[in-house]
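First comes the structure, then the notes that go with it.
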Amino acid sequence: MKYISTRGNAPALAFSEILLGGLAPDGGLYMPEAYPRFTAQDLDAMRAMDYRQLAFAILSRLVDDIPQADLKALVDKTYTTEAYSHGRADSDFSQITPVRTLTQDVHILELSNGPTLAFKDMAMQLLGNLFEYALDKAGRDINILGATSGDTGSAAEYAMRGKKGVRVFMLSPVEGMTAFQQAQMYSLQDANIHNIVVRGVFDDCQDIVKAVSNDLEFKHRYRIGAVNSINWARVAAQVIYYFKAYFAVTGDNAQQVDFSVPSGNFGNVCAGHIARMMGLPIHRLIVATNENDVLDEFFRTGVYRPRGAAQTWHTSSPSMDISKASNFERFIFDLTGRDAAQVRQLWSAVDRGDAFDLNPGGLFGQVQGYGFVSGSSSHANRIETICRVWQDHGVMIDPHTADGLKVGLEQRTPGVPLVCLETALPAKFADAIQEALGRAPERPHGLENLESLPRRFEVVDAQADAVKGIVVAHAND
Ligand SMILES: *Cc1c(COP(=O)(O)O)cnc(C)c1O
């Protein structure tokens, strides 16, 4: 299995060769050169598998340059009940991603029981083990530089803490993260984790990461890497739980399922698209956005019109405050019939800050054939949904999951089971829960005193040189 670029001008590479990198050298994203397909017989066999077995069955079709026994060991080490047992006390953690049934045909897929209480742990924990393995094999080390507004940074830090050959330098804005998110990150005491608090906003953090990464001499000398949402291994790891959920809510493989996915960078729902391309009987993939509804606009109208920072609203589902979906190009590559020249042409418009329209030429007409529909949710919608689910079912959900459920219930197919992906636990977003329910969110066991733990971080002005200085000081620790 080789990986090719959506822009068509980069050499095809094996999984391990794209594992540590980001974009392909031609600016595209890596995709499998062809999707492995599971047959009806394969699916029958997979139905009986537990999470680790399923993860291996899927990943072994996507990874062929890591010895199978090693890949199996990495999967078994990652997907343990212990690592994914931070959720509600009554969850069946042995399932790794348990399904919680609200009504007969409406389910929540618990993806947020990992160490940082967000679905990003599902992929990031595997990435931590893959990175350590691959770096050791290559005799290399890496300095991961990133910017976070909350969930990504903490998931990356908890995945990489204590890993040999890996150091993390994570920039976060002085304001903007919830108190819980700050405590989660800054309380890490591991020597290889460096929290850098920037006197600025999230966009300043991102600009600094770009500036440092664009200094190629520095990047090379200090072995700078990233773990952002375009990383192929992250997308691949997210494919697994679509299969797990499908088997959990169906009795046989003739049935179909709708998935509703709270979306920002289109990483999570892209994994659903890939699961479907690999043969999973998914009927609809419901893309749920908040007020930052660029993706909803596309799936309703065929026009993709990314927005800049000035037109990106700060909402109460902040992890979806994204107006340029970094993984969207992967789907468009498939939609064009894998026409890299057309993808290059479409993204030359995006890179100029323009929109593209897939109505002329008829491509938009083919979107529904891939199962995609969409909708958006507002602050009032998510508060109302949190309230209703709490009253009717005694289940407390976070604002992102509420966006997904709201849109899912609107866009689902009658008679088809609906699975809503739970992308975070309410404990991370106390303000929204307080507003909706007039009380503080439930705290998972063991995290009661998170805010009072000692903190470890450095504060810098919003300047690339200050950040470079910290990297230089620790790059060889
Ligand atoms: C990252 C994140 C999302 C968006 O996921 P994408 O893969 O970027 O679409 C949604 N909800 C939460 C809580 C997140 O952390």
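As the structure lists them, so they are numbered: ligands from 1, and atoms in each ligand from 1.
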Closest non-hydrogen atom pair, Ala233 against Leu127: CB-CD1, 3.5 Å
Tyr3: ring pair (Phe, Tyr, Trp, His ring centres under 6.0 Å) partners, not counting sequence neighbours: Trp232
Carboxylate-amine/guanidinium contact Arg88 Glu110, below 4.0 Å: yes
Carboxylate-amine/guanidinium contact Glu157 Arg161, below 4.0 Å: no
Side-chain H-bond candidate by donor/acceptor type, Asn381 with Ser378, under 3.5 Å: yes
salt_bridge(Lys163, Asp190) N-O dist < 4.0 Å: no
Protein residues having a heavy atom less than 4.0 Å from any atom of ligand 1: Phe119, Lys120, Asp151, Pro262, Ser263, Gly264, Asn265, Phe266, Gly267, Asn268, Ser319, Met320, His400, Thr423, Ala424
